[in-house]
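Below, chain A is the first sequence line, B the second, and so on; all start at residue 1.
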Amino acid sequence: MTNDYLNKLNDSQKEAVLHSDGPLLILAGAGTGKTRVLTSKLAHIINTKQSFPSNILAVTFTNKAAKEMQSRIGNIIGGAVEGMNWLGTFHSIGAKILRYHSELAELRSDFTILDTDDQLKLIKEVIRMEDIDEKKFPPRFFLSFIEGWKNKGLMPNEISAYPIEIFGKGKSTSIYENYQARLQRLNCVDFGDLLLLPLHILKTNDEILNKYQKLFKYILVDEYQDTNTVQYLLLRILSQKNNNIACVGDDDQSIYGWRGADLNNILNFEKDFENARVIRLETNYRSSKNILGAARSLISHNKDRLGKELKSCDDDLGDKVKIRTLWSAEDEANFISEEIENIQHSGKSLNNIAILVRASFQMREFEDKFILKNIPYRVIGGPRFYERQEIRDVIAYLQIALNPDNDIKFERIVNTPKRGIGATTIRLLNDTSKKINTSLYEASKKILETDELKPQTKNQLKNFIKLIEGWNNKIDKIDHVASAALILEESGYINMWENDKSPTSETRIENIKELIGQMSEFSSMTDFLEHVSLVLEIENNDNIDKVSIMTLHSAKGLEFEMVFLPGMEDGVFPNQKSLDEKGNIGLEEERRLAHVGLTRAKNNLVLTNACRRRIFGSWSPSIPSRFLSEISDEFIDQEILYSNQIIENKLYEQLEDTTHKISALDRLQAAGYIVENDYEELQTEVNRITDIGQRVFHIKFGYGIILSIDIDRVEVNFEKAGKKIVLASFLEIVNNE
DNA sequence: TCATTACTCCTTTTT
DNA sequence: GGAGTAATGA
């Protein structure tokens, strides 16, 4: 192996790779060769024998990034990377540590990882025990608190120091405790535990901590801006001895605040790690000057930044960033598909085109249109393979076969396919299991000894228990692929889909076959099940020319010749909920997300917004995203693609029901969408309700009398609902009476 | 027990 | 417009 990799780097990249000991933060903007630096650095450490591969901890956020890094290092140092035992996602590395020391968390080493659905089921159970009204306090709120605590690295007994939410009768703490206890009894962990429990083990066991501190001579971290507190604490505690931690990140691309990512981790790096060196990578090898200029002008509106400027290495400016305004979301999809057809006809590859959306509900419009127009596309991200119903069912069967006491899985499959074991029976099983403190499986056996069930039900349950017993006996003795096939056959599960007439059943069977196919790559059933929730991803390794549709979050790290960003509308992007919940911090994160979107494009970038779109099934008006006006004009080529006739006919109608009429009008006027007299006319419309004492009707509150008026806000004394302040636009004037 | 229907609340983003 | 849930009927 040669030092060839060094020659491919620019000066600051080289500096980052050659920096040997002590903390290092590489601030790498979009498209500045961050992955190249990281992999070269890894290769360099191995190449110069500063460390064995097995003594390097290299963490990424996604499996994709981990795989990518693995193969790139392989390319540099030649052949397979032997001994890179500690390269993986935070979660998979956490799982690995946890499995080695599971007894310290009172788990068996073959614990299973619960997905979000199962988590929710579990929390619901816990809530019911606490006598809390699910309607008033939705279970997922508790779950998000627990997730929040786990993201901060707090065990149930540590949250007293942290302001406890009053939410849910102040029972959040005990719910967290019970939830953990329940997980433990099921020999399960959730995603958060994969980080929290290893941290706890390291914090409370000096010997073990020592071992890992010695083990990891070098620590490399990808996407440092997206680390949350537990991840930060893990990195800190592990790096304390050797102090060789190198993090790559971009504060302008921090987009996982909602998952607990703390931008302060990267902003405070120099304070947190003594004598830290910071190297900036600012030469962008991806995008044209115009695109970079647009991205730069947008992100400059953020305050929380370390500051860095992307410089293009292109000589010419390239095309300007296109902004197109369409009438409706459907028109928007139409426009984009026409653009794509043009590219298609010019003979260019569709693989170079991506449509990046803020939220997945936006994808539908495009899928519909593409199917109609026969434009090949792929959806990236979307529902994870193992989250599909049929896959989860199959896995539940396999887990039950391995461990019949897994209640969550038991409940999932006991009546799938239908065995006539319904809610009533399950309730009885649950009660019994609580009474005699055993699993549902054991409780079923007990009940079968009695006459509590109707003969028919009893018989069905008996058969089911017998099946499980049989599988459980055989599973260690025969090949895991064969036993999976046997289980699916005997349970009648495959049969169920084969007899199913719905259009999806065929794909489901395909998916199950795919899953079984994957199994042979693992050495045993346990091994397979351990990996299934963490790393299993079925790649759509098709080489067919297709347009990619994905969310902005899953687009991070990718690049395309041409990028479309539809739905540039306030409320959609920036997302309303994000603004409501997090205010300016939320807005800045949305802006970073937009920045990620813009910087995915190499040569062509098209932003579109529609004036109307269906939200929750009903038409809602949309105003252009504030991000559009934050991009400097010099980089933009803007056009409105609907006729004046349409404006006159429809804009009025659109504005009439907008909830923020006044501000919407101002915005639209500022954006040049309305001519002066339209504006006045609409103002009059806003002010049409002027009479105090006027009788009015409100769709939700019924009839009432106007008490006072403040521009578009009206105080009404409703006959049934009492005094309320409502928007004028929601009131109908009632004339007679 | 299961199927149908009425009704609610909703939806951001993912390991 | 759709998923999940509660109520209702077969």
Identify, residue by residue, the members of residues 255-267 of chain A with a heavy atom below 4.0 Å from DNA chain B, and return them in order of residue number, or none.
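Residues of residues 255-267 of chain A that come under 4.0 Å of DNA chain B are, in numerical order, A:Tyr256, A:Trp258, A:Arg259.
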Might you work through the ring pair (Phe, Tyr, Trp, His ring centres under 6.0 Å) test for A:Phe464 and A:Phe410, ending with a clear yes or no?
CA-CA 11 Å; A:Phe464 181 62; A:Phe410 186 95; 5.7 Å; yes
Over how many whole Å does the gap from [X] atom [atom1] to [N] atom [atom2] extend?
X	N	atom1	atom2	value
A:Arg614	C:dG2	CZ	P	10 Å
A:Glu365	C:dG1	CD	C1'	12 Å
A:Glu223	B:dT15	CD	C1'	13 Å
A:Gln225	B:dT14	CD	C1'	15 Å
A:Met550	B:dT14	CE	P	11 Å
A:Ile127	C:dT5	CD1	P	13 Å
A:Leu356	B:dT13	CG	P	14 Å
A:Leu98	B:dT15	CG	C1'	15 Å

Using only heavy-atom distances, determine whether the side chains of [X] and [Y] contain a donor-acceptor pair under 3.5 Å.
X	Y	result
A:Tyr256	A:Asn228	no
A:Gln225	A:Glu223	yes
A:Ser625	A:Glu569	no
A:Tyr232	A:Asp262	no

Taking any heavy-atom pair under 4.0 Å as a contact, classify A:Arg364: base, sugar-phosphate, or nothing.
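A:Arg364: backbone/sugar contact only, no base atoms under 4.0 Å.
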Base, sugar-phosphate or nothing for A:Lys121? Non-hydrogen atoms, less than 4.0 Å.
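It contacts nothing in the nucleic acid.
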Apply side-chain hydrogen bond (donor to acceptor under 3.5 Å, both in side chains) to [X] and list each qualifying residue two or more places apart in sequence or on a separate chain.
X	answer
A:Asp304	none
A:Ser102	none
A:Thr39	none
A:Asn511	A:Glu390

If the condition is salt bridge (charged side-chain N to carboxylate O under 4.0 Å, His left out), which residues does A:Asp407 pass it with, not counting sequence neighbours?
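Checked A:Asp407 against salt bridge (charged side-chain N to carboxylate O under 4.0 Å, His left out); zero matches.
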Considering residues at least two apart in sequence or located in another chain, which fulfil the salt bridge (charged side-chain N to carboxylate O under 4.0 Å, His left out) criterion with A:Arg600?
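A:Arg600: no salt bridge (charged side-chain N to carboxylate O under 4.0 Å, His left out) contacts found.
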Indicate whether OP1 or OP2 belonging to B:dT15 is found under 4.0 Å from a side-chain N or O atom of A:Lys150.
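It does not, given that no N or O in the side chain of A:Lys150 lies less than 4.0 Å from OP1 or OP2 of B:dT15.
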OP1, OP2 of B:dT14 versus side-chain N and O of A:Thr62: anything below 4.0 Å?
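Answer is no, no contact under 4.0 Å.
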What are the atom names and distances for every N/O pair under 3.5 Å that joins the protein to nucleotides 1-7 of chain B?
from	atom 1	to	atom 2	distance (Å)
B:dT1	OP1	A:Thr425	N	3.3
B:dT1	OP1	A:Thr425	OG1	2.6
B:dT1	OP2	A:Thr424	OG1	2.2
B:dC2	OP1	A:Gly420	N	3.3
B:dC2	OP2	A:Asn415	ND2	3.2

By side chain to side chain contact (heavy atoms under 4.5 Å, CB included), which residues pair with A:Thr526, not counting sequence neighbours?
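Listed in chain order: A:Asp110, A:Leu402, A:Ser524, A:Glu530.
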If the condition is side chain to side chain contact (heavy atoms under 4.5 Å, CB included), which residues does A:Lys121 pass it with, not counting sequence neighbours?
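Partners of A:Lys121 by the side chain to side chain contact (heavy atoms under 4.5 Å, CB included) criterion, ordered by chain and then number, come out as A:Asp118, A:Arg412.
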Any protein N or O atoms within reach of nucleotides 8-10 of chain C? Criterion: under 3.5 Å, listing atom names and distances.
none

Counting only heavy atoms not in A:Lys458 (residues, nucleotides, ligands), do more than 12 fall under 6.0 Å from its NZ?
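Yes, because the 6.0 Å sphere around NZ of A:Lys458 holds more than 12 heavy atoms from other groups.
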Could you pick out which residue, A:Arg140 or A:Thr551, lies toward the 5' side of DNA chain B when each is mapped onto its nearest nucleotide?
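On the 5' side of the pair lies A:Arg140.
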Could you spell out the base pairing of DNA chain C in dot-bracket, with Watson-Crick or G-U pairs whose two distances are under 3.5 Å, [ ] crossing and | to another strand?
.|||||||||
